[in-house]
Amino acid sequence: MTQNQGSYDASQIQVLEGLEAVRKRPGMYIGTTSVQGLHHLVYEIVDNAIDEALAGICTYIDVNIHSDGSLSVRDDGRGIPVGRQEQTGRSAAEVVFTVLHAGGKFGGTGYKVSGGLHGVGASVVNALSEWTRVRIFTEGKSYRMAFSRGEVTEELQEDGVSGEHGTYVRFKPDAEIFEETDFDFEILQSRLRQQAFLNAGLRITLTDEREESENGGAKSASFLYEGGIRSFVEWINHNKTPIHEDVIYITGEREDSFVEAAFQYNDGYSENLLSFANNIATTEGGMHETGFKAALTRVLTDYGKKHGILKDDTKLSGEDVREGITAIISVKLVDAQFEGQTKTKLGNSHIRSLVDATLTDKLTDYLEENPAVGKAILEKSVQAAVAREAARKARELTRRKNALDSGSLPGKLSDCHETDPTYTELYIVEGDSAGGSAKDGRDSRYQAILPLWGKMLNVEKARLDKVYGNEKLMPVILALGAGVGDEFDVSRLRYGKLILMADADVDGSHIRVLLLTFLYRFMRPLIEHGHVYIAQPPLYKLSRGKQTRYAFNDAERDAAIEEMSGGDAAAKGRIDISRNKGLGEMDPEELWETTMHPEKRTLLQVQLEDAVAADQIFTILMGDKVEPRREFIETHAKYVVNLDV
Ligand code: TTJ
């Protein structure tokens with residue numbers, strides 16, 4: 001650091017300004033400072049190591065949640081370059097951690113990632129961390145450097161000899177920035193498992209030093225899939241019933257682009273298609289999905305006609321040939337264009353023709369060589385087409401009865417006066433008497449009530465044609481006014497909030513899961529757009545004389561006892577504590593005060609962060625295999641409660 005002294009200072013100032021901006025407006029760089037944002041930091045660091053794995057150098061990535069609130073990532077790649085760059089006089093290692101957007105440039109994979117919140121880089125993690133410590137092992141030596149809230153606290157220095165190679169980054173998210181600083185094992189595990197599937201042969205290990213496992217030591221999970229996305233499909237289908245044994249696996253390449261697709265059909269009715277570009281989930285789809293879908297429909301139709309399975313008058317739609325499919329499409333390309341609202345839609349159109357051509361060629365060959373698989377898939381598609389026709393007729397019938405047109409509302413609905421969905425809420429209430437209390441207790445200007453009772457259809461085992469005309473589900477569809485299935489249109493919603501209000505007991509839990517299953521399978525955008533909530537009735541009612549208090553958990557109950565008794569033991573004995581038996585036992589005033597008053601109630605928003613995890617939960621809870629359900633409930637009791645609280 002001699003002749004470059006002047007320009008070094010200048011660029012250093014610029015760097016500080018850059019990272020200051022990240023601290024001022026973290027949302028711009030990581031989307032949010034909630035739990036999601038917190039975990040985004042981990043993905044940013046891990047993605048760097050994955051880039052190294054893509055280059056074929058790194059064989060493992062170890063992620064460790066430490067007890068002090070920090071997290072570390074270690075890979076056995078080449079190590080971030082430590083040599084001084086001529087232009088800046090600084091090392092690549094320092095630049096990676098201090099210059100905004102420097103992330104992608106040092107991946108060295110050729111698959112340059114761009115767009116969205118992806119690849120904002122290690123500097124953003126550094127800026128948003130109380131401290132960051134880096135160690136680099138390369139060419140027989142080890143190096144270290146350290147930062148605090150984006151500023152260098154220890155310059156890069158050689159600190160010993162080492163026979164290893166790789167990079168180690170440990171950071172502690174800044175509590176001044178994040179609303180939540182506790183890493184969630186389940187969230188990280190789900191994402192890391194996915195990355196292991198997408199990078200065949202790469203071992204990713206997650207260790208949680210905060211928790212002891214059953215056999216002593218830290219809790220840990222390790223993922224290594226030699227089968228890559230084929231294993232991913234098997235894993236998603238493992239609680240379902242596949243209709244053919246092999247996962248179909250197809251690859252193709254053209255110039256700098258590469259595609260691989262893996263898929264297998266199960267006997268269910270939902271479509272499970274996940275796509276990725278450069279290992280980034282493309283939840284909004286894009287050109288690779290379009291190419292896959294077009295080719296799949298065409299190839300299966302041609303095959304069906306050629307082999308006499310498809311009669312001339314039956315036409316297969318895209319939905320028909322995707323009923324029960326579990327598919328992963330993964331493409332790698334240079335300069336991926338990420339478009340769409342959340343920048344998760346692949347825009348490069350040459351990828352569409354690559355995927356289409358690859359599938360057309362290779363799936364056609366595969367089906368000719370595996371006629372039993374071809375027959376099984378075709379028969380399922382034909383059944384789906386027949387059911388679609390039945391659904392169309394059922395829809396027409398309901399329409400003719402004038403029930404599906406806007407304006408016709410279910411008889412049991414107590415509507416509100418307001419019509420602007422920005423303000424309106426629909427409560428779906430379990431049971432007639434609770435419905436009555438809710439109706440009398442509500443603010444009828446903007447709160448509508450729809451009571452539901454009795455046994456509800458499990459849609460996990462039913463197609464759309466069974467939904468039309470179903471006496472429990474039709475009122476929900478009609479009240480919401482936005483259609484159902486592929487016709488569902490979130491912009492036509494009559495209420496901005498759909499609030500499920502059921503008892504905190506087994507029956508209430510059952511109806512909640514059934515309703516959520518229905519919404520997830522047939523009105524998914526409703527959940528994706530955050531319109532679905534779960535009401536939280538209080539668990540305890542405490543009274544002493546004329547004084548009444550409600551508590552939503554044990555801690556609140558105990559605090560209320562202290563407060564009402566003033567700490568006096570004798571007074572405590574005079575407090576009447578009752579566990580709320582159900583919504584039906586609350587009078588309208590109580591229900592309003594505790595559960596419906598917008599300023600006093602607690603609503604839980606149903607979120608769909610992780611589509612793979614959600615699909616699994618619904619498959620296990622509502623599918624027809626008993627053993628996985630029992631196992632899941634026993635080991636995940638807390639998670640089930642979380643899902644349906
Ligand atoms: C760049 O090209 C020359 C050889 O090293 C390449 C590189 O940067 N490799 C690399 C970076 N491997 N691992 C990283 C890395 C790992 C973690 C955990 C965090 C960060 C920011 C980078």
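Numbering of ligands and ligand atoms starts at 1, following listing order.
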Visitor: Yes or no: does G79 have any heavy atom under 4.0 Å from an atom of ligand 1?
Guide: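 It does; at least one heavy atom falls under 4.0 Å.
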Visitor: Could you tell me whether R74 and ligand 1 have an N or O pair separated by under 3.5 Å?
Guide: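 N/O-N/O distance below 3.5 Å does not exist for this pair.
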Visitor: Would G77 count as a contact residue for ligand 1, given that I'm defining contact as a non-hydrogen atom of the residue lying under 4.0 Å from a ligand atom?
Guide: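 Not so, G77 does not reach ligand 1.
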Visitor: Whether D184 and R191 form a salt bridge (side-chain N of Lys/Arg under 4.0 Å from carboxylate O of Asp/Glu) is what I want to check.
Guide: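 Here R191 does not pair with D184 in a salt bridge, since their nearest N and O are not under 4.0 Å apart.
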Visitor: Under 4.0 Å between a side-chain nitrogen and a carboxylate oxygen: does that hold for D68 and K172?
Guide: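 Between K172 and D68 there is no salt bridge, as every charged N stays at least 4.0 Å from the carboxylate O atoms.
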Visitor: Does this structure show an ion pair linking E154 with R133, if we count only N-O contacts that are shorter than 4.0 Å?
Guide: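 Judged by the 4.0 Å cut-off on N to carboxylate O distance, E154 and R133 do not form a salt bridge.
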Visitor: Using a strict cut-off of 4.0 Å, indicate which atoms of ligand 1 neighbour a heavy atom of E52.
Guide: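 The list of qualifying atoms is 5 (O), 6 (C), 7 (C), 9 (N), 10 (C), 12 (N).
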Visitor: Using distance alone, determine whether V96 and ligand 1 share an N or O pair under 3.5 Å.
Guide: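 No - when backbone and side-chain N and O of V96 are compared with those of ligand 1, no distance drops under 3.5 Å.
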Visitor: Enumerate the atoms of ligand 1 whose separation from the nearest heavy atom of V169 is less than 4.0 angstrom.
Guide: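 Atoms satisfying the 4.0 Å criterion: 19 (C).
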Visitor: Return a yes/no value for D75: is any of its N or O atoms, backbone included, closer than 3.5 angstrom to an N or O of ligand 1?
Guide: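 Between D75 and ligand 1, an N or O pair is found under 3.5 Å apart.
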Visitor: Do NZ/NE/NH1/NH2 and the carboxylate oxygens of E164 and R74 come within less than 4.0 Å?
Guide: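 So E164 pairs with R74 through a salt bridge.
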Visitor: Suppose I only count heavy atoms of F97 and a 4.0 Å limit; which atoms of ligand 1 are within that range?
Guide: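 Atoms satisfying the 4.0 Å criterion: 21 (C).
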